[in-house]
Amino acid sequence: MTQTLHIVGGGMAGSEAAWQAANLGVSVVIHEMRPKVETFAHQTGNLAEMVCSNSFRSDDSEQNAVGLLHWEMRAANGLIMAAAEQHRLPAGGALAVDRDAFAEFVTAQINAHPKITVEYGEVNSLPDDGIWIFATGPLTSPALGEAIAQETGTDRLAFFDAIAPIVYADSVNMDVAWMQSRYDKGETEEEQKAYLNCPMTKDQYEAFIDALGDADKTEFHEGETAGYFDGCLPIEVMAERGRETLRFGPMKPVGLTNAHDPENKPYAVVQLRRDNKLGTLYNIVGFQTKMKYGAQAEVFKMIPGLEDAKFARLGGIHRNTFLNSPTLLDDQMRLKSKPNIRFAGQVTGVEGYVESAAMGLLAGRLAAAEILGKELTTPAGTTAMGALIHHISGGAEAKTFQPMNVNFGLFPPVEGLKGGRRGRKDRYKAYTDRAKTVFTEWLEAQS
Ligand SMILES: Cc1cc2nc3c(=O)[nH]c(=O)nc-3n(C[C@H](O)[C@H](O)[C@H](O)COP(=O)(O)OP(=O)(O)OC[C@H]3O[C@@H](n4cnc5c(N)ncnc54)[C@H](O)[C@@H]3O)c2cc1C
């Protein structure tokens with residue numbers, strides 16, 4: 001008899017992981033704490049409950065990275081995609097669903113599967129024996145959070161994200177911006193030119209501060225602010241404390257010389273720091289924010305050099321439990337210090353329903369392969385699933401690691417294609433064609 005796979009958390013990731021492993025012939029027990037123990041966001045006892053929006057975002061598998069992830073999950077017989085298809089609502093190019101019918105469908109499919117049992121109750125420790133997947137999500141119960149922090153070290157488990165917006169490097173106007181580290185610090189030229197800098201005149205700075213004040217903001221949930229205010233104030237809160245606060249904080253102009261206009265000292269400078277090893281993504285340093293998405297796009301385009309910036313993701317601050325995966329997980333999604341335990345879903349530092357379910361799909365297949373004594377590697381970084389898993393298990397900068405959506409900035413470039421705005425359509429098509437071929441080969445090798 002083969003070993004049972006235990007999965008903690010029956011959300012997007014846990015349900016998908018169970019489905020994948022069970023379909024490969026492995027017995028699975030899902031441990032789900034709801035409805036016995038509640039969270040502030042979930043409303044029901046259903047598995048795979050959508051806690052906020054009812055959208056799985058773009059369904060375009062040719063021109064959109066999340067659409068490509070849909071394609072890969074469908075190709076891998078994913079439960080979350082099948083349920084979404086079954087309960088799809090009209091929403092243009094997006095995949096939106098009837099949330100209650102969707103979650104009820106997932107719950108019914110899991111309950112009807114002969115290889116899956118659901119046990120209701122909280123798990124609050126990391127077991128030493130057995131094969132486990134922890135997929136407890138952004139609202140991991142506090143007792144379990146404590147146990148994880150004890151195992152990983154408190155500085156490797158975050159309870160809030162503080163996401164600064166991330167832009168595609170090739171959408172920054174380099175006729176305005178320049179590369180330089182403050183005071184040219186660093187041993188190598190690469191380090192001395194590690195940051196992208198965007199200069200502001202006094203008038204531009206004043207207009208920017210006004211726009212921050214006027215922008216629409218999201219309210220915090222009850223209890224959400226506790227513990228985060230010390231280290232990472234939203235920029236609009238900093239600006240409220242005084243018009244000059246940002247100029248003495250993240251926008252200070254010292255130690256920098258505008259390469260395009262060396263004689264004139266900028267009044268303020270916005271810095272962007274590399275966000276991945278490929279160098280395709282940059283985050284705006286210190287710009288975590290609670291501005292609404294529409295407002296962010298408008299306000300950040302006022303920054304000289306970012307007028308046409310394309311955002312891989314916008315900023316935010318949320319209650320969100322996640323691991324510093326680049327240091328803690330191996331390329332099989334196992335906790336390095338306790339390899340009988342895998343993590344999956346949002347708690348690994350991906351962001352969103354689709355990304356979380358995709359990481360569940362992978363973890364389920366990897367755990368099943370281990371139990372069945374088969375070898376399985378993760379798909380190549382040229383696929384959407386592979387790009388995400390490579391990012392969280394090593395491609396991302398560990399020091400500044402924050403949750404990430406899937407986006408084309410995570411993909412290695414296709415050689416010989418035009419960069420910049422003009423070549424984008426052909427580039428994205430080349431990425432998605434390549435991914436579909438490679439992902440299909442990955443699946444075929446398992447059959
Ligand atoms: C307030 C809020 C709003 C969000 N809005 C969106 C949105 O609009 N769109 C989007 O794409 N993403 C959104 N997200 C992110 C979203 O939560 C994830 O995308 C997705 O649900 C994560 O999937 P998951 O399986 O990792 O976690 P979840 O779907 O949250 O599943 C985790 C499961 O683990 C259970 N659990 C937790 N601790 C334990 C324990 N100790 N023992 C047993 N069970 C446990 C939970 O009850 C839950 O069922 C939001 C998150 C939050 C907190």
Side-chain angles (χ1 to χ4, degrees), residues 6-19 29-58 66 69-70 79-80 84 94-97 99 102-103 106-107 110 118-127 132-148 159-161 163 218-224 293 313-314 316-323 325 333 342-364 388 392 403-406:
H6 292 271
I7 298 178
V8 186
M12 294 291 162
S15 304
E16 187 65 63
W19 183 253
V29 178
I30 297 179
H31 305 263
E32 169 54 55
M33 68 177 186
R34 288 178 299 112
K36 286 188 177 166
V37 180
E38 295 181 337
T39 76
F40 79 78
H42 293 89
Q43 308 286 326
T44 72
N46 284 333
L47 303 176
E49 180 180 328
M50 302 173 98
V51 284
C52 188
S53 133
N54 67 332
S55 172
F56 288 104
R57 309 184 345 254
S58 170
V66 82
L69 206 47
H70 292 178
L79 172 62
I80 296 298
L95 177 55
V97 303
R99 71 176 71 233
F102 163 83
V106 173
T107 308
I110 292 281
V118 184
E119 288 183 6
Y120 290 94
E122 180 184 359
V123 173
N124 54 21
S125 62
L126 297 179
W132 293 76
I133 296 175
F134 279 74
T136 45
L139 306 176
T140 293
S141 69
L144 179 61
E146 225 166 85
I148 297 172
F159 292 97
F160 292 88
D161 55 32
I163 296 166
T218 315
E219 296 302 320
F220 284 100
H221 287 279
E222 208 179 310
E224 256 198 332
Y293 282 176
R313 71 160 305 169
L314 288 159
I317 299 174
H318 310 99
R319 177 84 175 78
N320 192 356
T321 306
F322 66 97
L323 300 168
S325 293
M333 307 174 77
R342 282 184 170 77
F343 280 88
Q346 182 127 338
V347 73
T348 62
V350 297
E351 165 77 32
Y353 302 136
V354 184
E355 288 84 342
S356 298
M359 292 300 97
L361 188 154
L362 263 185
L388 264 180
I392 62 171
M404 183 59 107
N405 285 127
V406 69

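One-based numbering, in listed order, for ligands and for the atoms of each. Bear in mind the structure is a predicted one, so any value in this text is a computation, not a measurement. Any value given below was found using the heavy atoms of this structure, including those in side chains, with hydrogens, waters and symmetry copies removed.
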Q: Could you name the option among Phe40, Tyr353, Phe56, Phe343 that has the heavy atom nearest to atom 11 (O) of ligand 1?
A: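 Shortest heavy-atom distance from atom 11 (O) of ligand 1: Tyr353.
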
Q: Test your reading of the structure: does Ser53 have an N or O sitting under 3.5 Å from an N or O of ligand 1?
A: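 Yes.
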
Q: If the condition is ring-ring contact (aromatic ring centres under 6.0 Å, His included), which residues does Tyr353 pass it with, not counting sequence neighbours?
A: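 So Tyr353 forms a ring-ring contact (aromatic ring centres under 6.0 Å, His included) with Phe56.
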
Q: For ligand 1, indicate whether the residue Thr140 contacts it via side chain, backbone, both or neither (heavy-atom separation under 4.0 Å).
A: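 Looking at Thr140 and ligand 1, just backbone atoms fall under 4.0 Å.
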
Q: Does Gly121, backbone or side chain, put an N or O under 3.5 Å from an N or O of ligand 1?
A: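 There is no such contact.
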
Q: To check you understand the geometry: which heavy-atom pair defines the closest contact between Arg57 and Glu355, and what is its length?
A: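 Closest heavy-atom pair between Arg57 and Glu355: NH2-OE2, 2.7 Å.
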
Q: So, is Gln346 polar-close to ligand 1, with some N/O to N/O distance under 3.5 Å?
A: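 Yes, there is a polar N/O contact under 3.5 Å.
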
Q: Crowded around Glu146 CD? As in, over 12 foreign heavy atoms under 6.0 Å?
A: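 Atom CD in Glu146 is not packed in, count stays at 12 or less.
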
Q: For atom 35 (C) of ligand 1, which of Arg57, Glu32, His42 has the closest heavy atom?
A: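 Checking each option, the heavy atom nearest atom 35 (C) of ligand 1 is found in Glu32.
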
Q: For atom 1 (C) of ligand 1, which candidate among Ala48, Cys52, Ala41, Pro403 provides the closest heavy atom?
A: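 Ranked by closest heavy atom to atom 1 (C) of ligand 1, first place is Ala41.
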
Q: Short list, please: which atoms of ligand 1 are under 4.0 Å from a heavy atom of His31?
A: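 Contacts of ligand 1 toward His31, numbered from 1: 43 (C), 44 (N).
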
Q: Restricting to side chain to side chain contact (heavy atoms under 4.5 Å, CB included), what partner residues turn up for Ser125, sequence neighbours left out?
A: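 With neighbours one apart ignored, the set is empty.
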
Q: For ligand 1, is Asn124 a contact, meaning one of its heavy atoms is under 4.0 Å away?
A: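 Flag not set, Asn124 not near ligand 1.
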
Q: Between Ala135 and ligand 1, find which residue part has any heavy-atom pair under 4.0 Å and reply side chain, backbone, both or neither.
A: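 The part of Ala135 near ligand 1 is the backbone, not the side chain.
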
